[in-house]
Engineer: 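One structure, as structure tokens, below. Some questions next.
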Protein chains: 4
Amino acid sequence: MKRKVQQKPESPPTEDQPTRDKIVAAALQEFAAHGKEGARVDRVAETAGVNKAMIYYHFRSKDNLYIEVVTSFFQNMVRQVRGAVLETSDLREALQIMARRHVEAFLEAGPIRPIILRELAAPHPEVLAAIADVFTSTGLPQKVMTLMEQGMRGGQYRTVDLRQALAAFVSMSLGYFLIAPIQDAALGIEDRAAFAKERQTVIVDVFLNGLKVR
Amino acid sequence: MKRKVQQKPESPPTEDQPTRDKIVAAALQEFAAHGKEGARVDRVAETAGVNKAMIYYHFRSKDNLYIEVVTSFFQNMVRQVRGAVLETSDLREALQIMARRHVEAFLEAGPIRPIILRELAAPHPEVLAAIADVFTSTGLPQKVMTLMEQGMRGGQYRTVDLRQALAAFVSMSLGYFLIAPIQDAALGIEDRAAFAKERQTVIVDVFLNGLKVR
Amino acid sequence: MKRKVQQKPESPPTEDQPTRDKIVAAALQEFAAHGKEGARVDRVAETAGVNKAMIYYHFRSKDNLYIEVVTSFFQNMVRQVRGAVLETSDLREALQIMARRHVEAFLEAGPIRPIILRELAAPHPEVLAAIADVFTSTGLPQKVMTLMEQGMRGGQYRTVDLRQALAAFVSMSLGYFLIAPIQDAALGIEDRAAFAKERQTVIVDVFLNGLKVR
Amino acid sequence: MKRKVQQKPESPPTEDQPTRDKIVAAALQEFAAHGKEGARVDRVAETAGVNKAMIYYHFRSKDNLYIEVVTSFFQNMVRQVRGAVLETSDLREALQIMARRHVEAFLEAGPIRPIILRELAAPHPEVLAAIADVFTSTGLPQKVMTLMEQGMRGGQYRTVDLRQALAAFVSMSLGYFLIAPIQDAALGIEDRAAFAKERQTVIVDVFLNGLKVR
DNA sequence: GATGAATGAGGTTTCATTCAT
DNA sequence: AATGAATGAAACCTCATTCAT
């Protein structure tokens, strides 16, 4: 199963490996635009401006190209996000940060949304794990759960299954971006960006209010 | 000179269903499993137990097959759902029904989830419209908004943008099913079905409580 | 090799056989436009406004359709042309008539030119014979040869092989229409119709002068 | 898992001619024999002894293969013919050369005749232009017209439209080869080669005599 | 005579992958 | 590392022909 390709430069991250990087960038774009099945190796090569055989030299197959490129894309996200752990003991603030990050990640036209959606339709375990990591590695979900628990113990919040509560908030926040086209069509929303911005406030508000003991 | 190969109905199944219908059923399955690009016309023909050329006789191309089959699948859902309009003036009940329907539609292994997810990644306008129709045609979203509005005017609920509120609830309910694999991985959820059942109660609870004036 | 199709109405030319005639007309047009290989049975059926199976009922195969339709087209020409035999003992007049007929037959956009050209590229003996018949059956070639021969015997014309002379005139007259696109391109001729009309005079003139003893 | 089938160069022929050239040669033959519509890409590949996919690698489609191969075939003719410009100021000699070239080009069984005929039936502008070039690029037509004009000015020849005269001669010479099968059938000619050889003398003779003032 | 559906073979084209240099 | 050419399998689609009604 494991074929050792000649001297694959897996180790020396010395500086720039132009060709390999160009392939990665082009492949990401191609997979985002067309999905794994719809992607064309020729197109990747052309977009990258490299010879098609180079793709097979650096990666081993189209399938493997997909896995490697997409997985490492999310792993890079993890690396960036991990630094930005922040100290707060205010649940509202934590939720706001979470919501803002979702907006930031999903409102841009980057490859993240289509890739995640297609992974959800037909998951590759490695990729899915990397995606999940992006969320957990921020430490935010854990922090949110901790803060909620404290509030519950302090009698401030009603007692709710923590994971259910978290899932509820994440769905509200993140889930919207995935469903957006449908909801926009169904609700007749035209300015998605504005609607999305406004959501940040609304969902934190409704969610927190929903937790509170009355 | 005569070679007998190809897809002959060697098995005696699928009764005497008209050819076109057999194609539709097989195509739906194939598209759900592999996406439009990953789907294979040969496989559809084989699954349907019909001659491959019949697919091109009844539909005109693979692309058109996709559009027609998927669109009409959702249009059929609309037809079924439209009948089940229900009379209630209780917001909680309306939300519960909505949530239950989402569970029903998405917990089964049917074609609906993968198809919707891939449509969200790369939408075909006609299909997307049909999907949106499924939601609006139940009348439920409208009813929910109306009941919320009444509650707000009656001073029972806080004043919130109706569409934002609705979007929040739908995202929580429906969005979860789309994200589920990620959340399961991130939160370490193992029994998705149980977790999903429990959600029905939680989200209605949190949402309604969140709306209430304190 | 010979398959007797049921009751093929080869005999009763009683009156109008709408369907068969419609097929014939449509097929002629299709074959002229696309050639035997490029012709599509479906298109013939559609153009004719009849069911495709009817084509196989009346004719037996696409190939046979071609042979029958094209052959009988030229046979009909023969029938029409045979009536118009004319009495003249003037060579110039005979040549003029010949030339005029060629113009008439080939300047129109009808099916005759493309069909003849393709038959010349890949002949079907039956068809070719029918085409040759169109020319001989007018009696004109024979008459022209006779008149030339008389002129030679009378010392008026130089002695030339009769068939060579005839072939020379026919090539000049008819051949032009076949080559026309090339000559037009090569000589920069723009108004083909005008050029073709003028030719009638020129070729008779040059040819007759060329025959004369000086 | 690996099935070896398809067109492997099992015979040791066609030396080490580059793939592209082998395709060109095979395609020319195929198109001449069957026309663009009747030609089969499989057959071209087999004849050329190359993998079918190479045809699409070097050319892009069957249609494009046709255009490129046929056009460049005539362009090559142009190149060869352009060298052979000859110096003569004798009209008879010029006409004889012209006639001889037509015989040479058309008596052989090469691809030129069927291809030209089918192009005349359904022309591709690019191809037609290349064909016209073959004739003009020899310089012969121009030279013939010039010599005729000089003769007219010198009072030796009757005044005739130069292009009409040229067209007349070319039709006689070249046109014959196109029509040949019909004329042979109509005139009962059996030894076409002999008849064609003799024509060279006759047509120059008749044509020149026809031009002369008496 | 007439129709709509069906069939089987093959047609063109594509594409992941590999090879020689 | 890099390239252009090559390969083999299969993809989508077409088309002449036939069948059941």
Engineer: Please tell me if the side chains of B:Phe31 and B:Pro111 come closer than 4.5 Å, counting only heavy atoms from C-beta onward.
Structural biologist: no
Engineer: With both distances under 3.5 Å as the test, what is the Watson-Crick or G-U wobble partner of E:dT17?
Structural biologist: F:dA6
Engineer: Among F:dC12, F:dA16, E:dG1, which is the nearest nucleotide to the side chain of C:Arg40?
Structural biologist: F:dA16
Engineer: Say whether, by atom type as modelled, one donor and one acceptor occur between the side chain of A:Ser72 and the main chain of A:Gln75 under 3.5 angstrom.
Structural biologist: no
Engineer: Using heavy atoms and a sub-4.0 Å distance, could you list which residues of residues 44-55 of chain C are near DNA chain F? By number, please.
Structural biologist: C:Lys52, C:Ala53
Engineer: Reckon A:Tyr57 has a side-chain N or O less than 4.0 Å from the OP1 or OP2 of F:dA1?
Structural biologist: yes
Engineer: Could you say whether A:Thr19 or C:Asp42 is positioned toward the 5' end of DNA chain F, judged by the nucleotide with the nearest heavy atom to each?
Structural biologist: A:Thr19
Engineer: Please answer whether the main-chain N or O of D:Arg40 pairs with a side-chain N or O of D:Lys62 as donor and acceptor at a distance below 3.5 Å.
Structural biologist: no
Engineer: Any side-chain to backbone donor/acceptor pair from C:Arg118 onto C:Ala32? Under 3.5 Å, distance only.
Structural biologist: yes
Engineer: Are D:Glu37 and C:His34 linked by a side-chain donor-acceptor pair shorter than 3.5 Å?
Structural biologist: no
Engineer: As a test of reading the structure: which of E:dT12, F:dC12, F:dA2 is closest to the side chain of B:Lys62, going by heavy atoms?
Structural biologist: F:dC12
Engineer: Which of the following nucleotides, E:dG1, F:dA11, E:dA6, is nearest to the side chain of C:His58?
Structural biologist: E:dG1
Engineer: Which residue lies toward the 5' end of DNA chain E, B:Pro18 or A:Ser61, if each is placed at its nearest nucleotide?
Structural biologist: B:Pro18
Engineer: Quick one: is E:dT14 close enough that its OP1 or OP2 comes under 4.0 Å of any side-chain N or O from D:Tyr56?
Structural biologist: no
Engineer: Does a donor on one side chain and an acceptor on the other come within less than 3.5 Å for D:Gln17 and D:Asp21?
Structural biologist: no
